[in-house]
Number of protein chains: 4
Amino acid sequence: MPARPETGHSRRNPASRKAILDAAFELVAEVGYSKLGIEAIAARAGVGKQTIYRWWPSKGAVLLDAYLARTQGDAGGEAALPDSGDLRADLIAVLQATVAELRDPTFAVPLRALTVAVLEDPELAAEYEHRLDTPMREMKKARLRAAQNAGQLPDDLDLDVAVDLLFAPVAQKWSATGEPPSDDYVRTLVETVLDGLTRSAEGVRSASM
Amino acid sequence: MPARPETGHSRRNPASRKAILDAAFELVAEVGYSKLGIEAIAARAGVGKQTIYRWWPSKGAVLLDAYLARTQGDAGGEAALPDSGDLRADLIAVLQATVAELRDPTFAVPLRALTVAVLEDPELAAEYEHRLDTPMREMKKARLRAAQNAGQLPDDLDLDVAVDLLFAPVAQKWSATGEPPSDDYVRTLVETVLDGLTRSAEGVRSASM
Amino acid sequence: MPARPETGHSRRNPASRKAILDAAFELVAEVGYSKLGIEAIAARAGVGKQTIYRWWPSKGAVLLDAYLARTQGDAGGEAALPDSGDLRADLIAVLQATVAELRDPTFAVPLRALTVAVLEDPELAAEYEHRLDTPMREMKKARLRAAQNAGQLPDDLDLDVAVDLLFAPVAQKWSATGEPPSDDYVRTLVETVLDGLTRSAEGVRSASM
Amino acid sequence: MPARPETGHSRRNPASRKAILDAAFELVAEVGYSKLGIEAIAARAGVGKQTIYRWWPSKGAVLLDAYLARTQGDAGGEAALPDSGDLRADLIAVLQATVAELRDPTFAVPLRALTVAVLEDPELAAEYEHRLDTPMREMKKARLRAAQNAGQLPDDLDLDVAVDLLFAPVAQKWSATGEPPSDDYVRTLVETVLDGLTRSAEGVRSASM
DNA sequence: CATTAAGCGAGACGGTACGTCTCGTCTTATC
DNA sequence: GATAAGACGAGACGTACCGTCTCGCTTAATG
């Protein structure tokens, strides 16, 4: 979330930029969002405070850049969800990988901080949605669309709702308790989503509805 | 989240307590969580700062008490979800009532503040879960259990997963964007959850899985 | 400096009074005047704060009572300066005893506290003068008056000035530096006071004046 | 009492420094030492509290600087006591000027505050002695030394004792009562000091001593 | 090839809120 | 009714950061 478009030949010092993002990521992992301060970031980065204020509008914006630099430094956004043909197994695998990541404090603590920052700042929320949320959602929808094409899911399925059903419960549980749900929960979740709450009550269902 | 059990005859002044909770609730609605300060609460409540520090461990704890006092002051926890016999319609109604509430800033802003507080403080999160989350979840599970007893839902359904599927997507969308989803989204959500993603692709499903 | 005259049969608890004065004296010796607090005195004395506020108008007043209780508990004010007939030797002895006392922190620290209290509170200053300063001054003047009667001092000598000349320099030095002057200083002081600055320059003096 | 030596080109803001010293001097004259607070000084000076804490270790240190700035802002320390050749008259004049100054609350109240501060803080006492007391004492001793050179005072006179005899009684009376002594007292004081207590009892003295 | 203007590390500054401490008053229960 | 206990409104304490603002210094581009 740069304050200025990085077009043209800015005289910005890339070493300072990197030092700031690294310092912010490490610091937030150590002390949490509420105790993360611009002065502390500047001090750890060996940078003047003004260099942060010059390029970022808030500590949340620094954090978003820092998180993106860490999580997407390697992959250029080319990632995709696995597609073995077995949708059920693939979804379980993806969600179990997600909860595994959330169990690693190195990423979970900064992500939690980012969540707080986004909750407190609507502008940052828009930036977050555009740069992190939407790309991830598109990846997930792509996998579901493949299942549709394979005839495994109905064509009129609302893919956004489907993505929410699969991922929101995990995110919510992690937000609320600090811990992601268990692998068993994830398995049950996927199966319940795929089959529906009413799956084995066909007789009753057709009778009452 | 009282610092001390309120058993016995405490010498605590109940008028001060009420003034503090009212001031906190109003202030947070006006300025948001990050700009909510203990001094401002004390000043608006006409109370010394120490009276807050004496009885609450953090501003998040004050906020939780304030929110509970507002939302459960009247109902003694006896509330229940509607049960017309039509599960689908009841769930849509409940979720639409929920999103309607989230569109009212009077409650949504303090609730958002409480969400931030809970994200930043694991102890408060436990308190929140015990005093707010669990009772609500029990209400929701009670309605689903009634549906089970009526043969509308399978007996082996995991009710916790079911509740998450219904409510987490709404909460998540509201958290991420500041706005709750539309009534249409809610309707689609309920129907997708009840029927399952694979609902109209039985043939394919049995073939590939 | 009791807030109420102690005439009549007050229901005042003498044990509490003694505990307060003892606690005040000990505490001030430990922490100094500026860090001496009513709450700390009450706590150490095992007494409610109100019991202090009821009977004394300020911590300085407590301190004056505490100091008097310690220093004059035994002697009922009957003390007198030594009179060996040798004024010079007696004065030196008295002043050296004074500086010796000022070197004992047990009394010097509370006395210093009392000095501060008196500097800050004119009412307490009047009380101090009446109950401590004047009696001491009278003792000193009595010794000088005896010397006058013995023909050792001129009849028209202003005894107040004389007392000040002998004692003010010692008090002043102790106030300013925290340490009383040396025994040698005291000896030189007494001799200079008795003889006058001009003592051995009679010729010049008679010539120029 | 600067916390740091003012050598080199400090980035300290001299306007803030002056505003703080002025505010401190005026405030202490209005409310006295015990009610003088750093916050009030900062507020009146239009300065952040940290700017005071950054440069002074205590309010007493601010007060010392403030007093020195007022009393020695003009004179660069070049002052000297009057020397008309008539020691007796000069001393009376100087002491009467001193008591006149002590009757002016504008200077007397801050000086009294400074006295309290010095009594409570040995480090400040050392600073006070070095920057205020010693220079004044040297001035006084210089005048007495001139009298020695003129043969008006004996060469073996202890000038420190002599200065104390002349000035301590005035300072002491002012400290103890809040009022400096009268002009008459001062005259008697000077004459008694110069002539000695035993001045007109030579016969008796030689007989008994 | 200066010159000049931006970025930079550093940190003082006017502020604000923190959480603690103590003040002097008030209330409650005990004796 | 005096007392021990301690909650209360009030507000100063000294600290920590905020975001802004100079300072010199370095460094790349432009005239």
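Proteins get letters first, then strands, A, B, ... in listed order; numbering begins at 1 in each.
Distance from the side chain of D:E39 is smallest to F:dC13 among F:dC18, F:dC13, E:dC23. With distances taken from any side-chain atom of A:R11 to the nucleotides E:dC23, E:dG7, F:dA7, the minimum falls on E:dG7. Across F:dC8, F:dC18, F:dA4, the shortest atom-to-atom separation from the side chain of C:S16 is found for F:dA4. Between F:dG9, E:dT25, F:dC17, one nucleotide has an atom nearer to the side chain of B:V47 than all others, and that is F:dG9. Closest to the side chain of B:R54, from the set F:dC8, E:dG24, E:dG14, is F:dC8.
With rounding to whole Å, C:K35 atom NZ is found 13 Å from F:dG14 atom C1'. Summarising the geometry, the separation between OH on D:Y33 and P on F:dA12 is reported as 16 Å, rounded to the nearest angstrom. Taking atom CG on D:N13 and atom P on F:dC23, their separation rounds to 10 Å, with Å as the unit. Summarising the geometry, the separation between OH on D:Y53 and P on F:dC17 is reported as 17 Å, rounded to the nearest angstrom. Taking atom CD1 of residue B:I52 and atom P of nucleotide E:dT20, one finds them 13 Å apart after rounding to whole Å. At whole-Å resolution of the value, CD1 in C:I38 and P in E:dC21 are 18 Å apart. One interatomic measurement links the two molecules: CZ of B:R44 to P of E:dA17, which rounds to 13 Å at whole-angstrom precision. Nucleotide E:dA10 holds its P atom 12 Å from the CD1 atom of A:I20, rounded to whole Å.
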Item to check | side chain to side chain contact (heavy atoms under 4.5 Å, CB included) assessment of C:K59 paired with C:Y33 | outcome: CA-CA 9 Å; C:K59 70 177 177 178; C:Y33 182 69; 3.6 Å; yes
Next on the checklist: Run D:I20 and D:W56 through side chain to side chain contact (heavy atoms under 4.5 Å, CB included) and show every step you take.
Outcome noted: CA-CA 11 Å; D:I20 289 163; D:W56 288 275; 3.7 Å; yes
Checklist entry - Hey, mind stepping through B:L132 and B:L64 against side chain to side chain contact (heavy atoms under 4.5 Å, CB included) and telling me if it holds? => result CA-CA 9 Å; B:L132 246 177; B:L64 175 55; 4.1 Å; yes
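Contact check on D:D65 versus D:R17 returns a salt bridge, with a Lys/Arg side-chain nitrogen under 4.0 Å from an Asp/Glu carboxylate oxygen. The pair B:R44-B:E30 counts as a salt bridge, with a side-chain nitrogen and a carboxylate oxygen less than 4.0 angstrom apart.
For E:dC21, its base sits under 3.5 Å from the side chain of B:Q50 at one donor and acceptor pair at least.
If you find the closest nucleotide of DNA chain F to C:K49 and to A:G37, the one lying nearer the 5' end belongs to C:K49. Sequence order on DNA chain E of the closest nucleotides to D:G48 and B:L36 puts D:G48 first from the 5' end.
Checking the phosphate oxygens (OP1, OP2) of E:dC13, a side-chain nitrogen or oxygen of D:W55 falls inside 4.0 Å. Applying the 4.0 Å criterion to OP1 and OP2 of F:dA7, one finds that B:T51 has every side-chain N and O outside that range.
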